[in-house]
Amino acid sequence: MRNVRILPCPFGKIVFEARKRRNISRYKLAQMTGRTPQQLAKIEKGENEPVISTIIGLARALGLDPCELFRETVKLMTLSQEGEEMKERDKATVCKEEVC
């Protein structure tokens, strides 16, 4: 059976970058979405993963298509997972060469 590590969700990073590109403060985004600035901070830092209604609200407030926001998140997660798998393969190769 293959071990799968769950990597941090990059959704918050995407929201943070979109918010900064649009020059919207966290406070203003909170007003636009009905969330608190503290809730948004936790989402942006990856400490909380939002429910679907929050994802849709954030996407709309940032002028993004919710589906595209989700696709971008999945794409980044896939790239991160592939990077982790490459590191593991490289580690295994080095380990075999050094006769661990």
Side-chain angles (χ1 to χ4, degrees):
M1 186 166 158
R2 184 175 161 200
N3 289 336
V4 177
R5 281 197 310 184
I6 304 298
L7 299 174
C9 179
F11 177 82
K13 182 179 180 182
I14 296 167
V15 169
F16 173 80
E17 291 171 356
R19 181 174 65 76
K20 289 297 184 181
R21 275 194 309 273
R22 287 159 179 77
N23 200 27
I24 299 173
S25 71
R26 190 177 290 141
Y27 179 79
K28 179 67 176 170
L29 186 59
Q31 288 179 322
M32 296 166 73
T33 60
R35 303 301 186 261
T36 67
Q38 294 81 8
Q39 288 172 316
L40 295 180
K42 287 183 177 189
I43 290 170
E44 289 181 350
K45 292 176 185 176
E47 295 172 4
N48 285 2
E49 291 184 10
V51 297
I52 194 73
S53 60
T54 301
I55 293 170
I56 292 168
L58 286 168
R60 288 183 177 158
L62 293 167
L64 302 170
D65 172 23
C67 294
E68 188 56 39
L69 182 57
F70 186 73
R71 273 190 220 91
E72 186 64 24
T73 300
V74 171
K75 183 172 101 178
L76 289 177
M77 287 185 81
T78 302
L79 291 173
S80 294
Q81 185 64 42
E82 288 171 356
E84 286 296 314
E85 289 172 359
M86 286 178 62
K87 285 180 193 174
E88 289 299 317
R89 281 194 303 270
D90 290 347
K91 185 177 168 183
T93 302
V94 168
C95 197
K96 285 179 186 176
E97 291 172 358
E98 293 178 359
V99 189
C100 291

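Heads up: numbering here begins at 1 and tracks the sequence.
- In terms of heavy atoms, Met32 sits closest to Ala61 at CE-O, 3.3 Å.
- Using a 4.5 Å heavy-atom cutoff, the side chains of Thr78 and Val74 are in contact.
- Using a distance-only test at 3.5 Å, with no hydrogens or angles considered, no donor-acceptor pair links the side chain of Thr54 to the main chain of Pro50.
- Under the 4.5 Å side-chain heavy-atom criterion for ILVMFWY residues, a single connected hydrophobic cluster contains both Leu40 and Leu64.
- By the criterion of side-chain heavy atoms lying less than 4.5 angstrom apart, applied directly or through intervening Ile, Leu, Val, Met, Phe, Trp or Tyr residues, Phe70 is not grouped with Leu76; the two fall into different hydrophobic clusters.
- Between atom CD of residue Glu49 and atom CD1 of residue Ile55 there is a gap of 8.5 Å, rounded to the nearest 0.5 Å.
- Across all their heavy atoms, Pro66 and Ala59 have their closest contact at CA-CB, 3.6 Å.
- In summary, of the residues considered (Lys20, Arg26, Lys13), a salt bridge (charged side-chain N to carboxylate O under 4.0 Å, His left out) with Glu44 occurs for Arg26 alone.
- Leu29 and Ile24 make their closest contact through N-CG2, 3.8 Å (heavy atoms, listed as atom of the first residue, atom of the second, distance).
- A 4.5 Å side-chain heavy-atom check between Gln39 and Thr36 finds at least one atom pair inside the cut-off.
- Taking both residues in full, the closest heavy atoms of Thr73 and Pro10 are given as O-CG, 3.6 Å, listed atom of the first, atom of the second, then distance.
- Of the inter-residue distances, the one linking Ile56 atom CD1 with Leu69 atom CG reads 10.5 Å to the nearest 0.5 angstrom.
- Side chain of Arg35 to backbone of Thr33: a donor-acceptor contact under 3.5 angstrom is found.
- If you take SG on Cys9 and CD1 on Ile14, they are separated by 7.5 Å, rounding to the nearest 0.5 Å.
- Contact detail for Arg22 and Gly63: the closest heavy-atom pair is NH2-O, 4.4 Å.
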